[in-house]
Q: 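The structure follows.
This one's a predicted model, so the numbers in the text were calculated from it and none came from an experiment.
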Amino acid sequence: MSSSLVAYDDSDPEAETEKTEVPSTSSRQTSLPSSSVKPVQYFAPGSLRTKSTYEMQPTENTDNFGISIVCENLPEHYAPNNNTDLTSPYCRRAYSSHAALCVPYKNYEQTSSSSRNSGNGTSQKRVHKDSPTTIKGIRPYIPKRLRQENSSTCGEEESDPGESSNCYVKQDVSGEQTVRKISEIIKPYLGSKYKLTEIPKSLVFHMFKHSSPVNEIQWCPVREQSHMLLSASMDKTIKIWDAVDTGCCLKTFSCHSCAVRASQWSSCGRRILSGGFDSMLHLTDVETGKQIFSSKNEFRISALKFHPTDSNIFVCGGFSPEVKAWDIRTCKVTRVYKAAVQQTLDILFLTEGKEFLTSTDAVSRDSADRTIIAWDFQSAAKISNQIFHERYTCPSLALHPRDSVFVAQTNGNYMALFSSQRPYRINKKKRYEGHKVEGFAVCCEFSPDGTLLVTGSSDGKVFFYNYHTARIIRTLSAHKEACVSAKFHPVLPSLLATCDWTGEIKIWQ
C-alpha cells in the first residue's frame, strides 16, 4: 500500500513549512481568542509540492465543558493515486451549537488530524471556502413545518421533481386582451334572464386547429366571459377559443404528455382543471399558464367534475375501481369511493352536491346492476347500484336545470330518463331515441331553460329532442364524422357549439 501524502502533526519537519501556534490550556474551559488564528499550510493529496492554505477558526462552544465534538467517518484504507481525482462523498461533521459542517472526502485528509491539538482540551475546525459537493440522488431534508407551508400553498408539484411547474402556453397576439374583454354581443343579454331557446340553423364559425379528436368542449361559466370556449383533445392540448366574436384560438396549453380526456372550467373562470391518459391532474391559471395544482394519479383519468358548492373540491375517476375526491388547498385525496368496476365513464353531481352519480362499464350478459351508482359525498357510502338494469353502458350523464331528473346516454342508441331523488327510478314512459352512439363517448345536455335535449350522433348529426314529449324536433347535419358533443351557450339563447372525432369545432346560430 502506498503511504499517505498528507502532512500530519507527527510527520517529519521537512514536510512542513509552518505550524499552528496553539496556546497552552490548563483547563477544559479555556477558549481560543480570535487573535490566535493563523494561516496553516499543508500538502494537498496528489502532489508533494502543492500547498493549500486554509484558515483556522475557533469553535463556538455552548456546552458545559466548552468542547466541540468532532465526529469523523474515515474509511479504513485510503490509497490515493496521483492520476485519480478523489471525489468520494465521505463527510466530516463538526458539531458545534447543533450545527453541522460537511466537506467532501477529498478535503478530509487536508483537515483531519491537524484540526485538533494533541494533548490539549480545545478543538478547532477548518472551514472550506469552496461549496460542498452535492451527491446525486439524495434530496435535502426539509423540516416538517416547511413542508406543511409548501403543501398549504400548493406551490409545488407532488409529481416528479424534474417536471416543470409551468405549462407551455401558445398565445395569440391579442389573446391576453381578448380573455379579459366582455363581448359586445353578450352585453345586451347580461341584465336579463335567459329567454326561450331557439334551435340554431346556420354555421357561424368553423374551427379546426386540433389535429386529433376533441373529447370535450365547455363554455366559460362566468356570464361576462362566456365568449370563451374550452376544448380538450387527443392531441395532448387544451385550447381556449373566442367562439362568439372572432372564432380564433386565444391560447393553447400543452400540459399533458398524453391525450387529454377530461377538462373543466372552475366556477370563477380563471382556472382550468384537466386530466388525461398520462395519469396527471393539472389546475392551470388561464392568464399565466402557471400550474396551481399538479399531481400524479394512480390511474388514467377519463372523468372529472368540480363540486357544485365548493370550488376547492373536485372528483375524478378513470381506469380504476376507485373514484377520488381531491382538495386543491392541501393537494391531497380527501375521500375514496370504491366499487367493483373497471372504469368510470362519467360523473354527475346532484343538487347541492350532497350526492353524486358515476356511470361505469360494469355490464354482465343479462343485466348491468352497477352501470349507474349513487354515492353519498360526505361518507363515501354507496347509496344504490340498482338504478339502471339494462345491459348497456352509459358514456354520459346530464342533469336537468329545473326539474329533479337526469338523463343517461346509453350505448343502446337512446337516452333514458331518471329521477334525481331516491330511489332514482327510471321513467319507462319516456325514451329519447333516434340518434346513434355505437361505442363513441357521445355527450348529451339540456338547454339552459330545460325545454330541449340535445345530443350528438355517431353519423355526425345533432339531434334536438323535446324534453316533455321526447320527440325529435330537428336534426342538424353538422359533421362528416362522429359528433361527440354539443353544448348550448349559457347566455345567448340560440348559440350552439359542436365537436367531432376529427378535431373540428363548429359554432351554430
Side-chain angles (χ1 to χ4, degrees), residues 197 199-200 203-221 226 228-235 237-241 243 247 249 259-265 272-276 301-305 345-348 359 393-399 401 406-411 413 415 432 434-448 452-465 474-490 492 495-509:
T197 303
I199 297 177
L203 178 65
V204 180
F205 297 118
H206 183 195
M207 304 175 290
F208 46 88
K209 285 193 175 182
H210 280 296
S211 58
S212 295
V214 178
N215 290 317
E216 190 167 3
I217 55 175
Q218 185 188 16
W219 295 99
C220 182
S226 58
M228 294 187 295
L229 180 70
L230 171 68
S231 63
S233 174
M234 300 287 283
D235 61 3
T237 63
I238 303 168
K239 292 183 182 292
I240 297 178
W241 308 81
C249 180
V260 185
R261 181 61 183 87
S263 184
Q264 286 281 312
W265 286 98
I272 295 174
L273 179 65
S274 60
I301 300 166
S302 59
L304 50 84
K305 288 290 170 55
L345 302 178
D346 198 11
I347 299 172
L348 177 66
S359 62
T393 58
C394 301
S396 67
L397 306 171
L399 184 67
F406 71 91
V407 69
Q409 180 80 270
T410 71
N411 276 307
N413 298 330
M415 291 180 288
Y432 306 89
H435 60 285
K436 297 180 181 179
V437 179
E438 296 178 347
F440 288 94
V442 178
C443 297
C444 56
E445 189 194 43
F446 286 100
S447 61
L452 298 178
L453 178 61
V454 62
T455 179
S457 180
S458 61
D459 55 6
K461 296 180 181 180
V462 178
F463 286 77
F464 298 91
Y465 292 91
R474 184 181 292 272
T475 301
L476 182 65
S477 298
H479 301 272
K480 296 180 180 179
E481 298 293 334
C483 178
V484 295
S485 183
K487 301 288 184 179
F488 280 107
H489 194 274
L492 301 177
L495 199 65
L496 181 74
T498 61
C499 63
D500 68 356
W501 200 244
T502 61
E504 294 182 353
I505 301 174
K506 294 183 179 181
I507 308 299
W508 304 85
Q509 188 175 13

Q: Quick one: does Lys487's side chain have a donor or acceptor within less than 3.5 Å of a partner on Gln218's backbone?
A: no

Q: Mind running side chain to side chain contact (heavy atoms under 4.5 Å, CB included) on Phe464 and Thr475 for me, showing each step along the way?
A: CA-CA 6 Å; Phe464 298 91; Thr475 301; over 6 Å; no

Q: Can I get a per-line list of side-chain donor-acceptor pairs under 3.5 Å for residues 501-509, giving both atom names and the distance, sequence neighbours left out?
A:
from: Thr502; atom 1: OG1; to: Asp500; atom 2: OD1; distance (Å): 3.0
from: Thr502; atom 1: OG1; to: Asp500; atom 2: OD2; distance (Å): 2.8
from: Glu504; atom 1: OE1; to: His206; atom 2: NE2; distance (Å): 3.3
from: Lys506; atom 1: NZ; to: Ala478; atom 2: O; distance (Å): 2.8
from: Trp508; atom 1: NE1; to: Thr498; atom 2: OG1; distance (Å): 3.1

Q: Using 0.5 Å steps for rounding, measure from the SG atom of Cys483 to the CZ atom of Phe440.
A: 11.0 Å

Q: Counting only heavy atoms from other residues, nucleotides and ligands, does the tally under 6.0 Å from NZ of Lys461 exceed 12?
A: no

Q: Looking only at side-chain N and O atoms, does Glu216 offer a donor or acceptor that is under 3.5 Å from a partner on Ser485?
A: no

Q: Any chance you could measure Phe208, atom CZ, to Cys499, atom SG, to the nearest 0.5 Å?
A: 16.0 Å

Q: Do you know which two heavy atoms are closest between Val214 and Ser231, and how far apart they sit?
A: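 Here Val214 and Ser231 meet closest at CG1-CB, 4.2 Å.
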
Q: Is the shortest side-chain heavy-atom distance between Val407 and Leu399 below 4.5 Å?
A: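 Val407 does not reach Leu399 side chain to side chain.
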
Q: Any side-chain heavy atom of Leu229 within less than 4.5 Å of one from Ile240?
A: no

Q: Does the pair Val454 and Tyr465 meet the rule for a side chain to side chain contact (heavy atoms under 4.5 Å, CB included), with working shown?
A: CA-CA 6 Å; Val454 62; Tyr465 292 91; over 6 Å; no

Q: Would you name the heavy atoms of Ser447 and Phe488 that are closest together and state the gap between them?
A: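 So the two residues come closest at CA-CD1, 3.7 Å.
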
Q: Mind running side chain to side chain contact (heavy atoms under 4.5 Å, CB included) on Leu304 and Leu273 for me, showing each step along the way?
A: CA-CA 8 Å; Leu304 50 84; Leu273 179 65; 3.8 Å; yes

Q: What's the separation between atom CG in Leu397 and atom CE in Met415, rounded to the nearest 0.5 Å?
A: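 It is 12.0 Å, given to the nearest 0.5 Å.
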
Q: Hey, does the side chain of Ser233 reach the backbone of Pro213 with a donor-acceptor pair shorter than 3.5 angstrom?
A: yes

Q: Would you check if the side chain of His489 reaches a backbone N or O of Ser226 as a donor-acceptor pair within less than 3.5 Å?
A: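 Confirmed, His489 side chain pairs with Ser226 backbone.
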
Q: Shortest non-hydrogen contact from Leu345 to Ala303?
A: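 Shortest heavy-atom separation between Leu345 and Ala303 comes out as O-CB, 3.8 Å.
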
Q: Look up atom CG in Asn411 and atom OG1 in Thr393, then write down how far apart they are to the nearest 0.5 Å.
A: 3.5 Å

Q: Is Asn215 reaching over with its side chain to a backbone N or O of Val260, donor-acceptor style, under 3.5 angstrom?
A: yes

Q: ring-ring contact (aromatic ring centres under 6.0 Å, His included) with Phe446: which residues, sequence neighbours excluded?
A: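 With sequence neighbours excluded, Phe446 shows a ring-ring contact (aromatic ring centres under 6.0 Å, His included) to His400, Tyr467, given in chain and number order.
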
Q: Does any part of the side chain of Gln264, heavy atoms only, come nearer than 4.5 Å to the side chain of Ile272, both counted from C-beta?
A: no

Q: Where does the angle between the aromatic ring planes of Phe463 and His435 fall among parallel (under 30°), tilted (30 to 60°) and perpendicular (over 60°)?
A: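 If you compare the ring of Phe463 with that of His435, the planes turn out tilted.
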
Q: I need the Ser477 OG to Asp459 CG distance, nearest 0.5 Å.
A: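 Between atom OG of Ser477 and atom CG of Asp459 there are 8.0 Å.
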
Q: Looking only at heavy atoms, which two atoms of Ser359 and Cys394 are closest? And how far apart?
A: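 Taking Ser359 first and Cys394 second, the nearest heavy atoms are OG-O, 2.9 Å.
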
Q: So which heavy atom on Ala497 is nearest to which on Ile217, and how close?
A: O-CD1, 3.5 Å

Q: With side chain to side chain contact (heavy atoms under 4.5 Å, CB included) as the criterion, how do Cys443 and Val484 come out once you've worked through the C-alpha distance, each side chain's angles and the decisive distance to 0.1 Å?
A: CA-CA 6 Å; Cys443 297; Val484 295; over 6 Å; no

Q: Could you tell me the separation between the CE atom of Met228 and the SG atom of Cys220, rounded to the nearest 0.5 Å?
A: 4.0 Å

Q: Taking atom types as modelled, is there a side-chain donor on Ser458 or Glu438 under 3.5 Å from an acceptor on the other?
A: yes

Q: If you compare all heavy atoms of Ala262 against all heavy atoms of Ser302, which two are closest, and at what distance to 0.1 Å?
A: CB-O, 4.0 Å

Q: Do Ser396 and Asp346 pair up side chain to side chain, a donor and an acceptor below 3.5 Å, judged on atom types alone?
A: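 Short answer, no.
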
